[in-house]
S.K.: 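Got a structure here, written out as structure tokens. Questions coming.
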Number of protein chains: 2
Amino acid sequence: MGRVTELELSAWRLFIKTHATIIESIEQDLADQKRVPLTTYDVLIALFEAPDRKLRFGELNQKVVLSKSGLTRLVDRLEREGLIQREKSQEDRRGAYAVLTHEGELQLRKAWPVYARGIKQYFAEPLSDDEMRSLKSAFTVISKALQSSHDKEEKPS
Amino acid sequence: MGRVTELELSAWRLFIKTHATIIESIEQDLADQKRVPLTTYDVLIALFEAPDRKLRFGELNQKVVLSKSGLTRLVDRLEREGLIQREKSQEDRRGAYAVLTHEGELQLRKAWPVYARGIKQYFAEPLSDDEMRSLKSAFTVISKALQSSHDKEEKPS
DNA sequence: TGACTTTTGTTGCGTAATCAACAAAATAAT
DNA sequence: ATTATTTTGTTGATTACGCAACAAAAGTCA
């Protein structure tokens, strides 16, 4: 496989550090303006984009960076806050859906401008269109590679 | 400032997701092989690269993604595990240094191959040299922008 | 059908991180 | 000098998350 080169290592370090700083900044902005935090946003937007604004826990779990139990507990909290609701599935009596409520959609809409501004300001603004395209394409490549390596481990056929 | 474009948003999403997956994978590999986790690694490497292998808490804090108290507690643990030691500063009797121990250096060395392999496999391998260069340059740009915006807020002069 | 196996979401428990409040020392101001 | 301010690292309280064990329902297969 070969050693990690200087180039790769410095790119890696920038990648990590940049990510951390951007996320931290956006999270701070959201908190300052009393908007939902990023993890919550992720859940809400996933539901918002889903048919009927609802998803099974399993599906939701794939879209969100969180463990199974982590998701259960996040949904607990969000349900308490009235942003989503549990709805037990008819077809599969084990399972349940998480459904976006009106309040949830409202909070989603209120958070978006802040979030969007953060993405623009901290992430997009400094880059040229060309750089942004390269960035996206690089991550697409990496992402595909990750998927296939993940697939391999799931199903050793 | 302008809206977030489709391109920007999809790049952003890939960025977030890829980051999460890679970190998760590396963290898993480290855990599987009973090596120190990433946060610990970050502290150890920072000390390793510092003159005399020691740093004041403040300096260390700048290199690591952690709150003040978070760092205190991480150092608590690492000291308990014998990877680093506290050494109270002579010049400034409030402060203290975190010093890398032999054991700490050993663990650092043992973790590196696993970490390096992760960087290669999940991050570097899928990219061409050109793509890697673009990636690095994009992050350099972003990173610089973040710094200067941060500076502005620190010192409104 | 009846006995394994797998999937789905929840729960107990331990760990780690943050914020806010703090004490001690250093620095600045008058 | 004395007082006020800032910096440095720690501590208490709270919150969030992961792992492993679990119960309940589906699915598999003989």
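Chain letters run A, B, ... following the sequence lines, proteins first, then strands; residues in each count from 1. The analysis underlying the following values was restricted to heavy atoms, covering all of them including side chains, and did not include hydrogens, waters or symmetry mates.
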S.K.: To the nearest 0.5 Å, how far apart are NZ in B:K63 and CD in B:E49?
M.R.: 7.5 Å

S.K.: Which whole-number value in Å describes the distance from B:R56 CZ to D:dT7 C1'?
M.R.: 10 Å

S.K.: Using whole Å, report how far CZ of A:F57 lies from P of C:dT8.
M.R.: 13 Å

S.K.: Less than 6.0 Å separating the ring centroids of B:F48 and B:Y41?
M.R.: no

S.K.: Angle between the end axes of the helix from C:dT1-D:dA30 to C:dT30-D:dA1, five pairs per end, to the nearest 10 degrees?
M.R.: 20°

S.K.: Between B:E91 (CD) and C:dA25 (C1'), how many Å, whole number?
M.R.: 13 Å

S.K.: Got a sec? Which of residues 59-83 of chain A come in under 4.0 Å of DNA chain C, heavy atoms?
M.R.: A:K68, A:S69, A:T72, A:R73

S.K.: Would you tell me if any nitrogen or oxygen in the side chain of B:R94 comes within less than 4.0 Å of OP1 or OP2 on D:dT10?
M.R.: no

S.K.: Name the orientation class of the two ring planes belonging to A:F15 and B:F123 (parallel below 30°, tilted from 30 to 60°, perpendicular beyond 60°).
M.R.: parallel

S.K.: If you look at every heavy atom in A:W12 and B:I26, which pair is closest and at what distance?
M.R.: CH2-CD1, 3.7 Å

S.K.: For A:R93 and C:dT8, what is the distance between atoms CZ and C1' respectively, to the nearest whole Å?
M.R.: 14 Å

S.K.: Does CD belonging to A:E27 count more than 12 external heavy atoms closer than 6.0 Å?
M.R.: yes

S.K.: Within residues 28-46 of chain B, which residues have any heavy atom lying less than 4.0 Å from an atom of DNA chain D?
M.R.: none

S.K.: Identify the two heavy atoms, one from B:T101 and one from B:G82, that lie closest to each other, and give their separation to 0.1 Å.
M.R.: OG1-O, 2.6 Å

S.K.: Among A:L44, A:V43, A:L38, find the one that has a side-chain contact (heavy atoms from CB on, under 4.5 Å) with A:T40.
M.R.: A:L44

S.K.: For B:Q147 and B:K144, what are the C-alpha separation, side-chain angles and deciding distance, and is it a side-chain contact (heavy atoms from CB on, under 4.5 Å)?
M.R.: CA-CA 5 Å; B:Q147 268 205 259; B:K144 290 226 173 81; 5.6 Å; no

S.K.: In whole Å, what is the span from the CD atom of B:E24 to the C1' atom of D:dG18?
M.R.: 11 Å

S.K.: Will you find, in the side chains of A:S143 and B:K17, an N or O donor that is under 3.5 Å from an N or O acceptor?
M.R.: no

S.K.: Mind checking whether B:H19 and A:H19 have parallel, tilted or perpendicular rings, split at 30° and 60°?
M.R.: parallel

S.K.: Round to a whole Å and report the spacing from CD of B:E27 to P of D:dC19.
M.R.: 10 Å

S.K.: Assess the side chains of A:D32 and A:Q28: does a donor N or O sit below 3.5 Å from an acceptor N or O?
M.R.: yes

